[in-house]
Amino acid sequence: MNKLFSILMLGSCLFSKNESDDVKKNLSVHLKPFQNYIGKTFKGEFSNSTPEKPIYDISHWEREINGNAIRIMHSVNNGEYGGESIIMWDDEKESLISWYFTTAGFYTQASLQFEDDKLISVENVKGNKNGITQVKAVIEFLSDGQLLNSSMYFVNGNWVDGHKIHYKEEPDGKVVFK
């Protein structure tokens with residue numbers, strides 16, 4: 001009897017793993033442009049990074065809520081800063097929307113749209129201690145699977161350059177929160 005139970009459990013685990021892999025591929029039609037990034041981890045180097053003072057970001061992309069959302073977690077320099085985004089389709093707005101929560105204690109709400117191979121977001125910022133009230137960000141999805149991320153910040157009534165980050169897939173990368 002114990003052998004039969006063991007065989008049934010092993011078979012159940014094997015079949016559920018295959019089912020899980022198939023389920024990972026199911027995304028809302030509005031989230032399909034993210035398909036190639038789901039389940040992957042990326043390491044991005046900031047444009048102002050130097051050998052003496054490296055600045056890098058690790059991000060991990062996941063399918064969530066039965067394929068109705070994308071979750072992106074990231075951390076800068078092993079947890080010095082980090083955050084988590086949830087992206088979903090809003091039927092009422094007929095647009096992608098997102099929420100971003102940070103280790104610095106502020107959060108954003110954004111509307112997003114695709115233009116060619118670029119994801120463009122305009123984020124309203126709440127609780128930023130540096131006076132940033134909006135962020136415009138562009139993520140460019142490159143044909144080789146890499147990503148370019150650039151942003152501008154609205155602070156004290158002016159738009160200023162934000163960050164620029166070039167990401168490459170890093171399968172062993174880990175998002176770290178302290």
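Ring pair H163/Y153 is tilted by interplanar angle, where 30° to 60° counts as tilted.
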Ring pair (Phe, Tyr, Trp, His ring centres under 6.0 Å) between Y56 and F42, worked out: CA-CA 10 Å; Y56 63 90; F42 298 88; over 10 Å; no
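Nearest approach of V135 to S151, heavy atoms of both residues: CG1-CB, 4.2 Å.
T50 places no side-chain N or O within 3.5 Å of a backbone atom of P54 that could act as its donor or acceptor partner. In this structure, N130 contributes its side chain and I132 its backbone to no donor-acceptor pair below 3.5 Å. In this structure a side-chain-to-backbone donor-acceptor pair under 3.5 Å is missing from N128 to V125. Using a distance-only test at 3.5 Å, with no hydrogens or angles considered, no donor-acceptor pair links the side chain of S75 to the main chain of V175. When atom types are taken as modelled, the side chain of N36 and the backbone of G145 share no donor-acceptor pair closer than 3.5 angstrom.
For W99, the ring pair (Phe, Tyr, Trp, His ring centres under 6.0 Å) test picks out no residue, with sequence neighbours left out. With sequence neighbours left out, Q134 forms a side chain to side chain donor-acceptor pair (under 3.5 Å) with N124. Not a single ring pair (Phe, Tyr, Trp, His ring centres under 6.0 Å) links H166 to another residue, sequence neighbours left out. Residues passing the side chain to side chain donor-acceptor pair (under 3.5 Å) test with Y100, sequence neighbours excluded: H74, Y81.
Using a 4.5 Å heavy-atom threshold, the side chains of L119 and F141 count as touching. At least one side-chain heavy atom of L31 sits under 4.5 Å from a side-chain heavy atom of I87. Side chains of D161 and M152 form a contact here, defined as non-hydrogen atoms less than 4.5 Å apart. Side chains of N48 and I55 form a contact here, defined as non-hydrogen atoms less than 4.5 Å apart.
Side-chain contact, Y167 with D57: a donor N or O sits under 3.5 Å from an acceptor N or O. Side-chain atoms of Y37 and H60 include no donor-acceptor pair closer than 3.5 Å.
Residue pairs satisfying the salt bridge (charged side-chain N to carboxylate O under 4.0 Å, His left out) criterion with at least one member in residues 116-135, sequence neighbours excluded, are absent. Among residue pairs with one or both ends in residues 76-104, those qualifying as salt bridge (charged side-chain N to carboxylate O under 4.0 Å, His left out) are R71-E84; sequence neighbours excluded.
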